[in-house]
Amino acid sequence: MASWKGVTEFVAVAELGSFTAAAGRLDTSVVQVSRKVSALEQRLNVKLLHRTTRNVRLTEAGQLYYDQCKQLVEGLEEAERTVTQMQQEPKGLLKVTAPVTFGEQHIAPLAHRFLQEYPQVRLDLNLTNRTLDLVENSIDVAIRLGRLKDSSLIAKRLGDRQLSVCASPAYLAEYGTPTSLEQLNQHQCLLGTLEYWRFREQGVERSLRLNGRIRCNSGLALLDACKAGLGLAQLPDYYVTEALAQGELQEVLTDYRDAREGIWAVYTPNRNLSAKARLFVDYLSQAFASP
């Protein structure tokens, strides 16, 4: 069975290039660090470090071993940090950003309930449809919808959403109900910020560029225009669910719906994610998972 003995000391020496510096980081003596690294080399039967009076550097085998052990040590540190933070009452400022309408309807109410449970947390909630830089704006958690573009962030899927094409009964009565994607060019389409609408036809994704009388960066404004009979709109389900239930809108082209998209909580890959941010992400995840 593999052993941790000497691994932490070896990683510290490899990173700092010094037994003295490693001892300082680990709050132990140089003799202890040297002894444990030597015992590790004996156990592995391989030389991991070149030692001189001036410096310490990795051997070829040492470099390979370090590359693997570094992740293990970081994982152990993260596990210990997580368990420790579980015992701490979350407190301080929590900075969150989310899209405007989704944030108003879903994130803000959950955030307010979170604050009631954790009275030592303060909230800075920025609702904007702009994609803010998390590092530049010191944001702890961002809520993102649909397809993620920034692969450098850590993302946790909270739930999903469905895009639907809808129109008012009055519009459909006057202009007819489209039954194929090609017929969309014969209709008034209410356009948002994207240059295209997304569909799935026989299992293959299709993106269509369409024309229309109205283009607007507000989903609520497009919803209002759609209910007023000005055309078809492709909107996420949280915009249209109530209008569909009340008969103000009808969904069309249901056979061409695109696959459901993710609703994500994203944060920077920082090993020191605060207890309040980690707890908030878990809180959202549990809330979205509840029926």
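Each residue takes its place number in the sequence, starting with 1.
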Any chain of hydrophobic side-chain contacts (each under 4.5 Å) joining [X] to [Y]?
{"X": "Val165", "Y": "Leu194", "value": "no"}
{"X": "Val135", "Y": "Val96", "value": "no"}
{"X": "Leu145", "Y": "Leu163", "value": "no"}
{"X": "Leu235", "Y": "Leu190", "value": "yes"}
{"X": "Leu64", "Y": "Tyr66", "value": "no"}

In Å and rounded to the nearest 0.5 Å, what is the [atom1] to [atom2] distance from [X] to [Y]?
{"X": "Leu210", "Y": "Gln188", "atom1": "CG", "atom2": "CD", "value": "11.0 Å"}
{"X": "Gln250", "Y": "Ser164", "atom1": "CD", "atom2": "OG", "value": "13.0 Å"}
{"X": "Ser180", "Y": "Gln186", "atom1": "OG", "atom2": "CD", "value": "7.5 Å"}
{"X": "Ile107", "Y": "Thr101", "atom1": "CD1", "atom2": "OG1", "value": "12.5 Å"}
{"X": "Arg144", "Y": "Leu158", "atom1": "CZ", "atom2": "CG", "value": "13.0 Å"}
{"X": "Gln162", "Y": "Thr254", "atom1": "CD", "atom2": "OG1", "value": "10.0 Å"}

For a quick test of your reading: what N or O donor-acceptor pairs under 3.5 Å do the side chains of residues 119-128 make, sequence neighbours left out?
residue, atom, partner, partner atom, Å
Thr128, OG1, Arg130, N, 3.1

Can you name the closest pair of heavy atoms from [X] and [Y] and give their distance?
{"X": "Val37", "Y": "Val13", "answer": "CG2-CG2, 4.5 Å"}
{"X": "Val33", "Y": "Ala22", "answer": "CG1-CB, 4.3 Å"}
{"X": "Leu49", "Y": "Phe10", "answer": "CD2-CE1, 4.0 Å"}
{"X": "Arg157", "Y": "Asp160", "answer": "NH2-CB, 3.7 Å"}
{"X": "Leu132", "Y": "Asn137", "answer": "CB-ND2, 3.9 Å"}
{"X": "Ala155", "Y": "Leu148", "answer": "CB-CD1, 3.5 Å"}

Show me the pairs that pass ring-ring contact (aromatic ring centres under 6.0 Å, His included) and involve residues 111-135, at least two apart or across chains.
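Passing the test, one end in residues 111-135: Phe114-Tyr118, Phe114-Phe280, Phe114-Tyr283.
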Above 12 or not: heavy atoms from other molecules or residues under 6.0 Å from [atom1] of [X]?
{"X": "Arg213", "atom1": "CZ", "result": "no"}
{"X": "Lys91", "atom1": "NZ", "result": "no"}
{"X": "Asn211", "atom1": "CG", "result": "no"}

Can you list the residues that meet the salt bridge (Lys or Arg N to Asp or Glu O under 4.0 Å) rule with Arg200, with sequence neighbours excluded?
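Only Glu205, Asp258 meet the salt bridge (Lys or Arg N to Asp or Glu O under 4.0 Å) criterion with Arg200.
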Name all residues meeting the salt bridge (Lys or Arg N to Asp or Glu O under 4.0 Å) criterion together with Arg257; count only those two or more places apart in sequence or in a different chain, and write none if there are none.
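Per chain and number, Arg257 pairs via salt bridge (Lys or Arg N to Asp or Glu O under 4.0 Å) with Glu251.
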Check whether any side-chain heavy atom of [X] lies under 4.5 Å from a side-chain heavy atom of [Y], and answer yes or no.
{"X": "Trp197", "Y": "Leu181", "answer": "no"}
{"X": "Tyr65", "Y": "Leu58", "answer": "no"}
{"X": "Phe102", "Y": "Arg161", "answer": "no"}
{"X": "Asn185", "Y": "Leu208", "answer": "no"}
{"X": "Arg260", "Y": "Asp237", "answer": "yes"}
{"X": "Leu26", "Y": "Lys36", "answer": "no"}
{"X": "Leu253", "Y": "Leu184", "answer": "yes"}
{"X": "Tyr238", "Y": "Ile263", "answer": "no"}

Could you walk me through whether Gln116 and Arg113 satisfy the side chain to side chain donor-acceptor pair (under 3.5 Å) test, starting with their C-alpha distance in whole Å, then the side-chain angles of each, then the deciding distance to 0.1 Å, before giving a yes or no?
CA-CA 5 Å; Gln116 289 177 323; Arg113 281 159 45 188; over 6 Å; no
By the salt bridge (charged side-chain N to carboxylate O under 4.0 Å, His left out) test, which pairs, at least two apart or in different chains, include something from residues 13-33?
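Of all non-adjacent pairs touching residues 13-33, those that pass salt bridge (charged side-chain N to carboxylate O under 4.0 Å, His left out) are Glu15-Arg25.
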Verify side chain to side chain contact (heavy atoms under 4.5 Å, CB included) between Leu72 and Val7, making sure each step is shown before the conclusion.
CA-CA 9 Å; Leu72 297 175; Val7 173; 5.9 Å; no
Could you tell me whether a side-chain N or O of [X] sits under 3.5 Å from a main-chain N or O of [Y], the two making a donor and an acceptor?
{"X": "Ser34", "Y": "Val30", "result": "no"}
{"X": "Asp224", "Y": "Leu220", "result": "no"}
{"X": "Asn129", "Y": "Val100", "result": "yes"}
{"X": "Thr59", "Y": "Leu48", "result": "yes"}

Would you sort out whether Asp282 and Gln286 count as a side chain to side chain donor-acceptor pair (under 3.5 Å), showing the intermediate values?
CA-CA 6 Å; Asp282 291 341; Gln286 293 174 10; over 6 Å; no
Side-chain donor-acceptor contacts of residues 226-234 below 3.5 Å, not counting sequence neighbours, with atom names and distances?
residue, atom, partner, partner atom, Å
Gln234, OE1, Arg198, N, 3.3
Gln234, NE2, Arg198, O, 2.9

